[in-house]
> 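One structure, pasted below without further comment.
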Number of protein chains: 2
Amino acid sequence: MNGAKGVNGVAGAKGAEGVNGAEGAKGVIKLLLAEDQGMMRGALALLLGLEDDFEIVAQLGNGDEIVPRALETRPDVALLDIELPGRSGLDAAAALREALPECQVLILTTFGRPGYLRRAMEAGAAGFLVKDGPVEELAVAIRRVLTGERVIDPGLAAAALSAGPNPLTQRERDVLSAAVDGATVADIASKVHLSPATVRNYLSSAIGKTQTRNRMEAVRAARQNGWL
Amino acid sequence: MNGAKGVNGVAGAKGAEGVNGAEGAKGVIKLLLAEDQGMMRGALALLLGLEDDFEIVAQLGNGDEIVPRALETRPDVALLDIELPGRSGLDAAAALREALPECQVLILTTFGRPGYLRRAMEAGAAGFLVKDGPVEELAVAIRRVLTGERVIDPGLAAAALSAGPNPLTQRERDVLSAAVDGATVADIASKVHLSPATVRNYLSSAIGKTQTRNRMEAVRAARQNGWL
DNA sequence: GGATGGCCATGACATTTGTCCCAGGGCCTT
DNA sequence: AAGGCCCTGGGACAAATGTCATGGCCATCC
């Protein structure tokens, strides 16, 4: 069996996770990493762990654990995915700013939706990265946000401004969200506790505001813009 | 500025990419990595590069480049994502088996859809991993497929068998694929060059076979099973 | 106080969608 | 040759969907 050492090397590095122990160093940057895709999470954790002034104090795949674990481990920077099981990363970001203001939030997402960026900023995030760019960006961004700087993809910022704010009302969002994957009007109505007729009205107005032709196009457009 | 060395360390490792040069070592395993998400691709490349018997001879984010680059760089194992811009990873896998039979294909995907696994096996893939499990799996899997072993998530294999084969005909797949994100019957008809009446017939039969209530549910179900 | 705008609901209406018939042609297997 | 399956179309019909007008209730803002 050739190269088994390498595998162990990889597996061994996982020990960086866990309780934050008695870390005496001064300049160490403590990181929390929330990302649902296991392989991505593991890979990022290992990479960031290679930087000698970074320390991953928590890594998790569930949105609900973010605030508790952050309070427990007191990270300097929280790297949050948006689409997570349980609480959304955007939700958690807002709560985290509240609960632990000294912790900078860096949103790391697959989709550069304008509305996501907008909401991230409103939630008090210090940075917004898409998972496309090179990995090197990540370490750079982490150091930047610690200086108080904001880190945002320039092209995305422009798109967010040009796209304007979310035109949908709360109810329209509710109904549209419930309309994903082909739910019928009756389904939506019972899910949202509204009259079927009302549901159709909201759908109609959402379709109008998104300038689309049917509910599915509306859902798509709304998602595209990060309005859901 | 603290710890800049670390960043450079990360960036520097990228040099592993490129032409395969005059590598004298005997036991080196040459890898091709196709993955569209830049950060994931970079992270995996770096991690795998850390193993001393691995060498990444090509990394790319486009399905169309897979076969050409493989012919150029002659990897021992190709790690392919399924959802890629250009040619699908499954397509490319089949073509690669044809063009470079000595190269083992390892499918690496976000979604553990039963139909994907089935198609991957039919395309001659040697392994099928989902991006959830730990990163360590990856290195292990790579070494396994080189011994001729097949690497498949056991739970997924069971699901693939119980789900049965794809019940949809070619046309039904075409029409259903064209029906994503809310295209109207007329749209689909013109996209597939069929009569609107025919389109509605195919949609109806697809809905029947998937045991759903409308086209969107059918699309969802078909996607879920990897039938598209 | 009045205007505005979101929220909730109805009824009426045209259009779209989904279903069930039907029919012909092509291809493959028995 | 016969049967089966897929591909392609059409017509008719019921149901679902999208639109519009109208109404009342409640907030907030000027």
Side-chain angles (χ1 to χ4, degrees), chain A residues 115 118-119 122 163-228, chain B residues 115 118-119 122 163-228:
Chain A
R118 179 178 297 262
R119 281 197 274 162
E122 283 163 4
N166 189 339
L168 301 174
T169 79
Q170 182 58 47
R171 276 320 202 199
E172 285 161 355
R173 281 197 298 274
D174 294 345
V175 169
L176 217 51
S177 303
V180 295
D181 45 60
T184 152
V185 171
D187 294 342
I188 305 175
S190 78
K191 217 180 300 184
V192 195
H193 304 297
L194 281 179
S195 153
T198 309
V199 168
R200 293 170 67 194
N201 285 335
Y202 283 133
L203 283 176
S204 184
S205 78
I207 291 169
K209 286 182 181 175
T210 51
Q211 314 205 55
T212 49
R213 292 172 303 168
N214 51 48
R215 68 181 72 181
M216 280 321 298
E217 283 192 1
V219 166
R220 180 175 174 65
R223 258 217 270 248
Q224 179 73 30
N225 286 317
W227 289 340
L228 289 190
Chain B
R118 180 177 296 263
R119 281 199 273 163
E122 282 162 7
N166 189 339
L168 302 175
T169 78
Q170 181 59 47
R171 276 321 205 195
E172 286 161 355
R173 281 197 299 273
D174 294 345
V175 169
L176 217 49
S177 303
V180 296
D181 45 59
T184 157
V185 171
D187 295 342
I188 304 175
S190 79
K191 217 179 300 181
V192 194
H193 305 298
L194 280 180
S195 152
T198 310
V199 168
R200 295 171 71 196
N201 284 336
Y202 284 134
L203 283 176
S204 185
S205 78
I207 291 169
K209 287 181 181 175
T210 52
Q211 315 204 52
T212 50
R213 292 172 303 170
N214 51 48
R215 67 181 74 182
M216 281 321 297
E217 284 191 0
V219 167
R220 179 173 178 64
R223 258 217 271 249
Q224 179 74 29
N225 287 317
W227 290 340
L228 289 190

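Within every chain, numbering begins at 1; the chains are lettered A, B, ... in the order of the sequence lines, protein sequences first and strands thereafter.
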> Describe the nucleic acid contact of B:Asn214 in one word from base, sugar-phosphate, nothing, applying a heavy-atom distance below 4.0 Å.
sugar-phosphate
> With a sphere of 6.0 Å drawn around CD of B:Gln170, does it hold more than 12 non-hydrogen atoms of other residues, nucleotides or ligands?
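Buried by this count: over 12 neighbours within 6.0 Å.
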> Out of D:dC7, D:dG10, C:dC7, which nucleotide sits closest to the side chain of B:Ala197?
D:dG10
> Given C:dC7, D:dT8, D:dT17, identify the nucleotide with an atom nearest to the side chain of A:Arg171.
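Side chain of A:Arg171 sits closest to C:dC7.
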> Within less than 4.0 Å of OP1 or OP2 of D:dT17, is there a side-chain N or O belonging to A:Thr184?
yes
> Would you say A:Arg173 has more than 12 foreign heavy atoms packed within less than 6.0 Å of its CZ?
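More than 12 within 6.0 Å, yes.
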> Check the phosphate of D:dG18 against A:Arg215, side-chain N and O only, distance under 4.0 Å to OP1 or OP2. Yes or no?
yes
> For the side chain of B:Asn201, counting heavy atoms from C-beta on, which of D:dG18, D:dG11, C:dT17 is nearest?
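Minimum distance to the B:Asn201 side chain belongs to D:dG11.
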> D:dA16 P sits how many Å from A:Asp187 CG, rounded?
11 Å
> In whole angstrom, what separates B:Ile207's CD1 from D:dA14's P?
19 Å
> In whole Å, what is the span from the CG atom of A:Leu203 to the C1' atom of C:dC8?
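That distance rounds to 14 Å.
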> In this structure, how many angstroms lie between the P atom of C:dT16 and the CE atom of A:Met216, rounded?
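Atom-to-atom, A:Met216 to C:dT16, this comes out as 18 Å.
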> Counting only side-chain heavy atoms from C-beta out, which of D:dT8, D:dC6, D:dT19 sits nearest to B:Thr169?
D:dC6
> So what does A:Ser195 touch, heavy atoms closer than 4.0 Å: a base, only the sugar-phosphate, or nothing?
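Sugar-phosphate contact only.
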> Taking all non-hydrogen atoms of both residues, which atom of A:Asn214 and which atom of B:Gly182 are closest, and how far apart?
ND2-O, 2.9 Å
> What is the distance from CG of B:Asp174 to C1' of D:dT8, rounded to the nearest Å?
13 Å
> Tell me the interatomic distance from B:Glu217, atom CD, to D:dA16, atom P, rounded to whole angstroms.
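That distance rounds to 13 Å.
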> Which whole-number value in Å describes the distance from A:Leu168 CG to C:dC7 P?
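After rounding, the reported distance stands at 11 Å.
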> Taking the nucleotide of DNA chain D with the nearest heavy atom to each, does B:Arg200 or B:Glu172 sit closer to the 5' end?
B:Glu172
> Would one find a side-chain N or O of A:Ser204 under 4.0 angstrom from OP1 or OP2 of D:dT17?
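Negative; the distance criterion is not met.
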> Please figure out whether B:Lys209 or B:Pro196 has its closest DNA chain D nucleotide nearer the 5' end.
B:Lys209
> Is A:Thr198 near enough to C:dC8 that one of its side-chain N or O atoms lies under 4.0 angstrom from OP1 or OP2?
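No, A:Thr198 has no side-chain N/O under 4.0 Å of OP1/OP2 on C:dC8.
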> Nearest whole angstrom, please: distance from the P of C:dG18 to the OH of B:Tyr202.
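Interatomic distance, OH of B:Tyr202 to P of C:dG18: 17 Å.
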> Taking atom types as modelled, is there a side-chain donor on B:Thr210 or B:Glu217 under 3.5 Å from an acceptor on the other?
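Looking only at side-chain atoms, B:Glu217 and B:Thr210 do not form any donor-acceptor pair under 3.5 Å.
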> For residues A:Leu176 and A:Leu228, report the shortest heavy-atom separation together with the two atoms involved.
CB-CD2, 4.2 Å
